[in-house]
Amino acid sequence: MAISGPHQGGGGGVFADINITPLTDIFLVLLIIFMVTTSVTIESAAHVDLPNATNTNPENKGVIITYSAQHELFVNSKDVPERELLPTLRDALGQGDAKVVVFQGDRKVLLGDMVRILNISKAAGATQIAIAAKRATGAQMANQASSGS
């Protein structure tokens, strides 16, 4: 934006330009930071510490219900409030052929919470229920048995 007038003497005028290149650089850096932090928070939102078991089957068919230690429910990685769990499960079970529900619960999940969620799964139409676990070695199982956890 140039400011000059016909009554000003000489060839000198006042020029006021705004350089937006540094501002653009700052916005691009902030955008990259937000994109990276968002992807990290999305991956860690449904983290559960699964119990160990020696006989695990890596088959992953059906609807996956994840219940975290913070009492958050996820159906196929989608955050669902508990009051909407039944209709969400009905929709998810209706889309696939297998009426299997795989429960991924944190070690700190109380048994009563798990039973309540699995009852809702049965009411939604699940014919089979599986409980997810991590594959453990014999030494890890012996340590668990001796520590009582």
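FYI, the numbering just counts along the sequence from 1.
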Show your working on side-chain contact (heavy atoms from CB on, under 4.5 Å) between Leu111 and Met114 and close with a plain yes or no. CA-CA 5 Å; Leu111 183 61; Met114 184 182 88; 3.7 Å; yes
Pair Asn76, Val63 - check side-chain contact (heavy atoms from CB on, under 4.5 Å), show working. CA-CA 6 Å; Asn76 290 337; Val63 179; 4.0 Å; yes
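Contacts of Asp113 classified as side-chain contact (heavy atoms from CB on, under 4.5 Å), with partners at least two apart in sequence or in another chain: Tyr67, His71, Val109, Leu110, Arg116. Residues satisfying the side chain to side chain donor-acceptor pair (under 3.5 Å) test with Asn19, not counting sequence neighbours, are Thr21. Considering only residues two or more places apart in sequence or on other chains, Leu86 meets the side-chain contact (heavy atoms from CB on, under 4.5 Å) condition with Arg90, Ile120, Ala123, Ala124. Qualifying side-chain contact (heavy atoms from CB on, under 4.5 Å) partners for Gln128, counting only residues two or more places apart in sequence or in other chains: Val100. In this view, Leu23 and Phe27 satisfy the side-chain contact (heavy atoms from CB on, under 4.5 Å) rule, not counting sequence neighbours.
Atom NZ of Lys122 has more than 12 neighbouring heavy atoms from other residues, nucleotides or ligands inside a 6.0 Å radius.
Taken to the nearest 0.5 Å, the CG atom of Leu89 stands 9.5 Å off from the CD1 atom of Ile117. Atom CD1 of Ile65 sits about 8.0 Å away from atom CD1 of Ile129, to the nearest 0.5 Å. Glu72 contributes atom CD, which lies 10.5 Å from atom OG1 of Thr66 (distance to the nearest 0.5 angstrom). Summarising the geometry, atom OG belonging to Ser77 is positioned 8.0 Å from atom CD belonging to Gln104; distances are rounded to the nearest 0.5 Å.
The heavy-atom pair separating Leu93 from Gly125 by the smallest distance is CD1-C, 3.9 Å. Residues Arg83 and Pro87 share a closest heavy-atom pair of O-CD, 4.4 Å.
With hydrophobic clusters built from ILVMFWY side chains whose heavy atoms lie under 4.5 angstrom apart, Ile33 does not share a cluster with Val36. The same ILVMFWY cluster, assembled from side-chain heavy atoms under 4.5 Å apart, contains both Val115 and Phe103.
Listed by chain and number, the hydrophobic cluster partners of Ile18 are Ile20, where partners are ILVMFWY side chains within reach of under 4.5 Å, directly or through others.
Between Ile64 and Val75, the closest side-chain pair of non-hydrogen atoms is not below 4.5 Å.
Within the 3.5 Å criterion, the main-chain N or O of Val101 finds no donor-acceptor partner in the side chain of Ser121.
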